[in-house]
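Keep in mind that what you see is a predicted model, and the values were worked out from it rather than measured.
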Amino acid sequence: MNSIRVLAAGSLRLVWPELIAAFKAHQRINVETEFGPAGLLCQRIQQGETCHLFASANAAHPHTLLTSGKALSVAVFTHNQLCLSVKTALISASADWLALLTDPSLRVATSTPQSDPSGDYTWQLFDLIEQHYAGRGNALKDRALQLVGGPKSPVVPAGEMAASWLLENDRADIFIGYRNYAARLKNLKTLTVLDIPSPFQVQADYALAICQAEAQPLADFLLTAQAKRILQQAGFSC
């Protein structure tokens, strides 16, 4: 049986087994996947690590591989958004998402820019806040705790979600992360998920890079209507 080695963004970890099961129902191809922050995975591919397909939480890293000759082609296959996870005890009737986020007494945790696309999208959110409320976005950049997705970030235990683990272990009061986790987080009474409204919402474009031709069948599947349905059911948008 042929085998495809995949390096994939950590935010795909929950939905990936269902995608691969659907793919293997029609293809006799084994898929081996390792998850991690997409920026760090991209660096590993650039340094020569074997990878047939790279599934990134942004389009920039796959295009970097394409430009450098490390990828054969690139395509966007799904999208995501950001949301806030907040300790429920901190929420009052008068406090909306922005009031909570810009409260200097609350600890705001994020992913790490450049290493993890979630951090890059969060910094875009801060830029949008700065455009509408001068000083507030830059203040958020200064006080944000970059606790996820960096080379020196604390290790989130296997099976845990970063948002719930950080907040329930009192490492932060608010976590800015991907919305595809919202359904699972909403089952936790100690946490509340708040959506970020337009015009502050940032769209995360997920792109795949075919690094070796053997990955073409899997890349083709990820662009099918079946794969898009699976991703939508998991909280992504297509």
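Within the 3.5 Å criterion, the main-chain N or O of H61 finds a donor-acceptor partner in the side chain of N58. In this structure, S56 contributes its side chain and A59 its backbone to no donor-acceptor pair below 3.5 Å. Of the possible donor and acceptor atoms, one in the side chain of R143 sits under 3.5 Å from a partner among the backbone N and O of L106. Remark: the backbone N or O of Q81 is not paired with any side-chain donor or acceptor of Q201 at under 3.5 angstrom. Side chain of Y121 to main chain of A57: a donor-acceptor pair is present (N/O by atom type, distance under 3.5 Å, no hydrogens or angles). Although no hydrogens or angles enter the test, the distance criterion places a donor-acceptor pair under 3.5 Å between the side chain of D96 and the main chain of L98. Judged purely by atom type and a 3.5 angstrom limit, R171 has no side-chain atom pairing as donor or acceptor with the backbone of W165. No side-chain donor-acceptor contact under 3.5 Å links S115 to the backbone of T112.
Under a 4.5 Å side-chain heavy-atom cut-off, the cluster of Ile, Leu, Val, Met, Phe, Trp and Tyr residues that includes I45 is completed by L7, L41, F54, L65.
The SG atom of C42 sits 10.0 Å away from the CD atom of Q47 when rounded to the nearest 0.5 Å.
Atom CZ of R184 has 12 or fewer neighbouring heavy atoms from other residues, nucleotides or ligands inside a 6.0 Å radius. The neighbour count for Q114 CD, taken as heavy atoms of other residues, nucleotides or ligands under 6.0 Å away, does not exceed 12.
Between the side chains of E168 and T190, at least one donor N or O lies within less than 3.5 Å of an accepting N or O. Between the side chains of Q216 and D220, a donor-acceptor pair is found at a separation under 3.5 Å. Judged purely by distance below 3.5 Å, without hydrogens or angles, the side chains of Y206 and N80 pair a donor atom with an acceptor atom.
Following chains of ILVMFWY side-chain contacts shorter than 4.5 Å, one cannot reach L53 starting from L40, and the two form parts of different hydrophobic clusters. In the hydrophobic cluster analysis, where Ile, Leu, Val, Met, Phe, Trp and Tyr join through side-chain heavy atoms closer than 4.5 angstrom, V156 is grouped together with L166. Under the 4.5 Å side-chain heavy-atom criterion for Ile, Leu, Val, Met, Phe, Trp and Tyr, I230 and I29 are members of the same hydrophobic cluster. Following chains of ILVMFWY side-chain contacts shorter than 4.5 Å, one cannot reach L218 starting from V74, and the two form parts of different hydrophobic clusters. Under the 4.5 Å side-chain contact rule for hydrophobic residues, L72 and L222 share a cluster.
For the residue pair F77 and K228, the shortest heavy atom distance occurs at O-NZ, 3.7 Å. Of all the heavy atoms in V193 and A182, the pair that sits closest is CG1-CB, 3.9 Å.
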Does T192 form a side chain to side chain donor-acceptor pair (under 3.5 Å) with T88? I'd like the steps, not just the answer.
CA-CA 5 Å; T192 297; T88 301; 2.9 Å; yes

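Ring planes of W16 and F35: perpendicular class, angle over 60° (limits at 30 and 60°).
For an aromatic pair to be called close, the ring centres must be under 6.0 Å apart, and H132 with F200 satisfies this.
Taking the side chain as every heavy atom from C-beta outward, F126 and I176 approach each other to under 4.5 Å. Contact of the V108 side chain with the D173 side chain is not registered, since no non-hydrogen atoms from C-beta on lie closer than 4.5 Å. F175 places none of its side-chain heavy atoms less than 4.5 Å from the side chain of T110. Inter-residue side-chain proximity for D116 and V148 is flagged as met; some heavy-atom pair is nearer than 4.5 Å.
Between E34 and R5, at least one side-chain N (NZ, or NE/NH1/NH2) sits under 4.0 Å from a carboxylate O, which counts as a salt bridge.
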